[in-house]
Number of protein chains: 2
Amino acid sequence: MDQHVTQLKPILKKEKTRLLILDKAAQMFSQHGYQSTSLKDIAASAGMKAGSLYYHFASKEALMTEVLDKSMLLISDTVGEEIEKLDDGFTFEEGLHAYIFGHLTAILKHSDYTTTTIRNDGQVPEAVNKAVKVKREHYEEQWRKLMRQGKEEGAIRADLDETLLRLMILGASNWSSVWFKSGGHSIAELAKKFTQVFLKGCR
Amino acid sequence: MDQHVTQLKPILKKEKTRLLILDKAAQMFSQHGYQSTSLKDIAASAGMKAGSLYYHFASKEALMTEVLDKSMLLISDTVGEEIEKLDDGFTFEEGLHAYIFGHLTAILKHSDYTTTTIRNDGQVPEAVNKAVKVKREHYEEQWRKLMRQGKEEGAIRADLDETLLRLMILGASNWSSVWFKSGGHSIAELAKKFTQVFLKGCR
DNA sequence: GTCTATATTCAGATAGAC
DNA sequence: GTCTATCTGAATATAGAC
């Protein structure tokens, strides 16, 4: 069996444990930060002892790197899925909604992973930061492309810096991980309101 | 001399050193987070040895608590100053600009302190969190008041949740601490653009 | 007021038993 | 695969010299 398939649908016990550890690590990193979380804590919440983690991961840094990698993958993939649902010649308005809905969905549905990315930015060892940088920049480039489309369509008014607009949207979206509580607004509602505000705001 | 005055304009050497330590601590906490910053690092950047800090502060937690307290004070005061510049019967538009300009000014001018608050939210010992909570909630209540005014004036359209709008504005503003580099947009420019986007967006 | 020296605790990581 | 035991280093905090 090739490794890609194994990663998507883990059936081996070994892989199952690995993923359990990864999930628990993401949960604790997102709640208490990288440095405040000890391997003992992670191991305990996965039902193991600290030393046992080293059978699955080479180090705490390697564990964090994988959490952050998976986080970026989740965001990219979720947004990608929303974009694929659109017709080929989608408008800026349609694209903006898809991007915001995808981004919010990833942020709020997989918040253990994504909050780890958002909250620990710059607070991890340099080696970890460097390893994730490429994927983050690739994702940001997708957003830049959307903003250029908005400019070309005239949906973003000429005197509004598109970089600034992008950072406002991402800031407002990322911050939702701080205040979002399930039970209030649905993610779909949030995405609709966010899109309305920014679409009207940038014209 | 009464203590209030002493706190405002420190002239005693003892107070001067205290403030130097506080500044350096804020700087390091904001850059590397609470747990990743050691007292040895803080002491070194203040030109001292770790043990000497205990003459000025009871513990690392006490030091962090004071940094966060000062951070909230800086934000509240800066926003307050902007509001006082306005005429008594200021409109929602004027108020929104003053709040955003004040908030951004505090965030970006005293970024060592304010970034510490933003980035370490929830990642500090419970005792520290609790100590700052009251001041934060008082500040948020001021924003809520502004949003109510916007609703009453009809500047915020009926079907837009004012809580959601507030969180979007604060999210976009707080996120600026992540990407802001001096030399690009000025804070005044940022405040103007932010206000335009959100004012148009919420109508 | 700041220093050195040190007590104490706990972290990440490794080795070898099972 | 997971355990126990342990090494090593570093952190907060304290005590007492200067």
Side-chain angles (χ1 to χ4, degrees), chain A residues 6 10-29 31-68 116 120 123-129 131, chain B residues 6-7 10-68 116 120 123-129 131:
Chain A
T6 310
I11 38 173
L12 289 76
K13 277 181 191 171
K14 187 176 169 181
E15 287 296 314
K16 227 175 165 179
T17 308
R18 242 187 88 90
L19 283 188
L20 175 66
I21 295 170
L22 209 61
D23 280 352
K24 296 297 183 184
Q27 197 179 5
M28 310 215 72
F29 284 148
Q31 278 172 24
H32 309 110
Y34 176 72
Q35 285 283 346
S36 306
T37 303
S38 70
L39 293 179
K40 200 180 164 190
D41 295 335
I42 296 172
S45 83
M48 322 173 64
K49 300 291 176 179
S52 312
L53 295 179
Y54 287 86
Y55 177 78
H56 301 277
F57 296 92
S59 67
K60 188 183 180 183
E61 287 196 7
L63 187 49
M64 182 62 161
T65 303
E66 248 181 84
V67 169
L68 294 178
T116 300
N120 289 273
Q123 303 200 11
V124 290
E126 198 44 50
V128 178
N129 237 337
Chain B
T6 311
Q7 281 183 346
I11 39 173
L12 290 76
K13 276 182 192 170
K14 187 175 166 181
E15 287 296 314
K16 227 176 165 178
T17 307
R18 242 188 88 88
L19 284 188
L20 175 66
I21 295 170
L22 209 61
D23 280 352
K24 296 297 183 183
Q27 197 178 5
M28 310 215 69
F29 285 148
S30 71
Q31 279 173 24
H32 309 110
Y34 176 72
Q35 285 282 348
S36 306
T37 303
S38 71
L39 294 179
K40 200 180 165 191
D41 294 337
I42 296 173
S45 82
M48 321 173 65
K49 300 291 178 179
S52 313
L53 296 178
Y54 287 86
Y55 177 79
H56 302 277
F57 296 91
S59 66
K60 188 182 180 183
E61 286 196 7
L63 187 49
M64 182 61 161
T65 302
E66 247 181 84
V67 169
L68 294 178
T116 300
N120 290 272
Q123 304 200 11
V124 290
E126 198 45 50
V128 178
N129 237 337

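Just so we're on the same page: letters track the sequence lines, and every chain starts at 1. Every value quoted in this text rests on a predicted model; they were computed, and no experiment measured them.
Rounded to whole angstrom, the span from the CZ atom of A/F57 across to the P atom of C/dA13 amounts to 13 Å. D/dG1 atom C1' lies 16 Å from atom CG of A/L19, rounded to whole Å. Atoms CD (A/Q35) and P (D/dA11) sit 10 Å apart, rounded to a whole Å. Atom CG of B/L20 is separated from atom P of C/dG1 by 14 Å (rounded to the nearest Å). Between the P atom of D/dA13 and the OH atom of B/Y54 lies a distance of 4 Å, rounded to the nearest Å. Whole-Å rounding puts the B/M48 CE to D/dC18 P distance at 20 Å. Put simply, CG on B/L63 is 10 Å from P on D/dT12, counting in whole angstrom units. In this entry the distance linking CG of B/L53 with C1' of C/dC3 reads 12 Å, nearest Å.
In this structure a side-chain-to-backbone donor-acceptor pair under 3.5 Å is missing from B/K24 to B/D41.
The residue among A/A58 and A/D41 whose nearest nucleotide of DNA chain C is located toward the 5' end is A/D41.
In this structure, OG1 in A/T116 is found 11.5 Å from NE2 in A/H32, a value given to the nearest 0.5 Å. To the nearest 0.5 Å, atoms CD (B/Q35) and CE (B/M64) are separated by 9.5 Å. How far NE2 of A/H56 is from CG of A/L22: 11.5 Å, rounded to the nearest 0.5 Å. Note: B/N129 CG to B/T65 OG1 = 9.5 Å, rounded to the nearest 0.5 Å.
You'll find that the side chain of B/K40 is closest to D/dA11, out of C/dA11, D/dA11, C/dT2. Among the nucleotides D/dT2, C/dT2, C/dG12, the one closest to any side-chain atom of A/H56 is D/dT2. Taking only side-chain atoms of A/T17, from C-beta outward, the nucleotide of C/dG1, D/dT12, D/dT2 with the closest atom is D/dT2. Proximity note for B/S59 (side chain, C-beta onward) versus D/dA13, C/dG1, C/dA11: the nearest is D/dA13. Of the candidates D/dC3, D/dA13, C/dA13, the closest approach to any side-chain atom of A/L39 belongs to C/dA13. In this structure, of D/dC3, D/dA13, C/dT2, it is D/dC3 that holds the atom nearest to the side chain of A/K49. Of the listed nucleotides (D/dT12, D/dT2, C/dG12), C/dG12 has the atom at the smallest distance from the side chain of A/K60.
Of the side-chain N and O atoms in A/S52, one or more sit less than 4.0 angstrom from OP1 or OP2 of D/dC3. Not one side-chain nitrogen or oxygen of A/Y55 sits closer than 4.0 Å to the OP1 or OP2 atom of D/dT2.
Note on B/T37: only backbone sugar-phosphate atoms sit closer than 4.0 angstrom, heavy atoms only; bases stay farther off.
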